[in-house]
There are 2 protein chains.
Amino acid sequence: MTIRVIIVDDQAMVRAGFAALLAAQPDIDVVGDAADGRQGVELSRRAHPDVVLMDVRMPEMDGLEAARRLLDPPPGVVHRPKVLMLTTFDVDDYVYEALRAGASGFLLKDAPPADLIAAVRVVAAGEALLAPSVTRRLIADFAARPAPRRNRSVRLNGLTPRETEVLELIARGLSNQEIAARLVLAEQTVKTHIGRVLAKLSLRDRAQAVIFAYESGLVTPGE
Amino acid sequence: MTIRVIIVDDQAMVRAGFAALLAAQPDIDVVGDAADGRQGVELSRRAHPDVVLMDVRMPEMDGLEAARRLLDPPPGVVHRPKVLMLTTFDVDDYVYEALRAGASGFLLKDAPPADLIAAVRVVAAGEALLAPSVTRRLIADFAARPAPRRNRSVRLNGLTPRETEVLELIARGLSNQEIAARLVLAEQTVKTHIGRVLAKLSLRDRAQAVIFAYESGLVTPGE
DNA sequence: CCGGGGGTCATACCCCGGTATCACCCCGGC
DNA sequence: GCCGGGGTGATACCGGGGTATGACCCCCGG
């Protein structure tokens, strides 16, 4: 089964070069190319490639926006290609945006041709691949990050399921009445639960409870 | 300038195989090998290699602990090699620990020999490299993460400096009295500020204010 | 010069939130 | 059977938090 690829780059030379390189592989078909993001997205919709090679900087619509549209398609569009981002030289902040958008890889154009070919195969297989410098940055960034909140703060274990539930609703900003309604309880019962939560966690009021919920990872910013 | 490498793995066959493979490269010298983590660390201290190939699972001291010791050496030890982790097959949670410890790469042993050699060179050059499946997971993990909240939520701009200051103290869990004391104000003034904050942000009470502070990135979990 | 926004504070009021105490039910384990 | 923990709830109290209104000061820009 051959890998269907399209190339999106504003430089004709680059398109021609990559196309020649990839088309020479028995397992790779270049099924089209486009000169900017908008055309790229459109082409992808028609040609339904397995992999889209996407330059970052382009006129009309840049590679990031195009990638986002391909990877988070509007309702009705079922096709969802893998996206391999390419950049000419500098490893800038685009990387993060691209990865967040769901790109499967990020390569520098000055990488050896063999790497590009290998990358296409890797990406088509559902795996991911990054340029070494990008990998380094990503790892550094990852390591710097606090540690993925395996926290579930020890103290949180002291709470009963119900109490945890109430705590979470507090952390969502609900009033006692609202919590009572949500859980089908008397307001007083909610108060009782809250009282116990505050006592167990040595908190003064619901505001501190909200803080605790965030700090412990019970709830997380941005959903 | 040749790359000095040591190999740490409990299987003699693996050590021999990798050593032969790498030693055949003109730019790579295998300057030693060890059968467990403890010996590996000791050897590294003596042989000061550029790159340490480290198996994850080993008796005595596993690769993760050994990597941590190499990458975060006790005072007095200046040498700090790059560490390239290897695992036999499964991509388990060790990956994250290894990366957090500061490893420069993570490869599967079933990777093509050429990849291993390339990886050693990449790592020696100060870059990083991961097995595609690891890369995929890392990206997925990265993308899942809230997004570095450079938000400073637009609405937050509507707040005056003083109001923002008060909001932050609320988000730290202080009471009105405490805030007044901290800012050398009358409690009533604090109330006034809070009232305006709540109004401007359409919040009901300080609990919701805390939520807003976290969601907007004004304050962040884990300091 | 004057208007207005930011910052400060007082008085007054109300109610939600938090505390205390007690009580009932259900269930699982000793 | 009894005990204890989890869950539920009522009554009662009070104090902090939030609201409303009005006032004064400072400073800056039109």
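The sequence lines fix the lettering, A, B, ..., with proteins before strands; numbering per chain opens at 1.
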Rounded to whole angstroms, how far apart are CG on A/Asn176 and C1' on C/dC16?
8 Å
So, does B/Thr189 get its side chain near the phosphate of C/dC9, meaning an N or O under 4.0 Å from OP1 or OP2?
yes
If you count every heavy atom of other residues, nucleotides or ligands that lies below 6.0 Å from B/Glu178 atom CD, does the total exceed 12?
yes
Would you compute the distance between atom CG of A/Leu174 and atom CZ of A/Arg206 and round it to the nearest 0.5 angstrom?
8.5 Å
Please report the distance, rounded to the nearest Å, between CD in B/Glu165 and P in C/dG7.
9 Å
Out of C/dG17, C/dT8, D/dG18, whichever nucleotide has its closest atom nearest the side chain of B/His193
C/dT8
Under 3.5 Å, is there a donor-acceptor pair between the B/Gln39 and B/Asp36 side chains?
yes
Rounded to whole Å, please give me the gap between CD in A/Glu163 and C1' in D/dG6.
8 Å
In this structure, are over 12 heavy atoms from other groups packed under 6.0 Å from A/Arg204 atom CZ?
yes
Could you work out which one of D/dG7, D/dA10, D/dG17 sits closest to the side chain of B/Ser175?
D/dG17
Distance check needed: D/dT8 P versus A/Leu185 CG, whole Å only.
5 Å
Base, sugar-phosphate, or nothing for A/Thr192, non-hydrogen atoms under 4.0 angstrom?
base
Distance check needed: D/dT8 C1' versus A/Arg162 CZ, whole Å only.
9 Å
Find the distance A/Glu187:CD to C/dT19:P and express it as a whole number of Å.
15 Å
Gap between atoms NZ and P, on A/Lys200 and D/dG5 respectively (whole Å)
11 Å
Of A/Leu174 and A/Gln188, the one whose closest nucleotide on DNA chain C sits nearer the 5' end is A/Leu174
Closest approach to the side chain of A/Arg206, judged atom by atom: which nucleotide of D/dT8, D/dG18, C/dG17 is it?
C/dG17
Given that B/Arg196 and A/Ala207 both sit by DNA chain C, which one's nearest nucleotide is further toward the 5' end?
B/Arg196
Check the pair A/Arg15, A/Asp55 against salt bridge (charged side-chain N to carboxylate O under 4.0 Å, His left out), reporting the backbone distance first and the verdict last.
CA-CA 10 Å; A/Arg15 293 203 300 277; A/Asp55 190 22; over 6 Å; no
Please state how far atom CD1 in B/Ile194 lies from atom P in C/dG7, giving the value in whole angstrom units.
14 Å
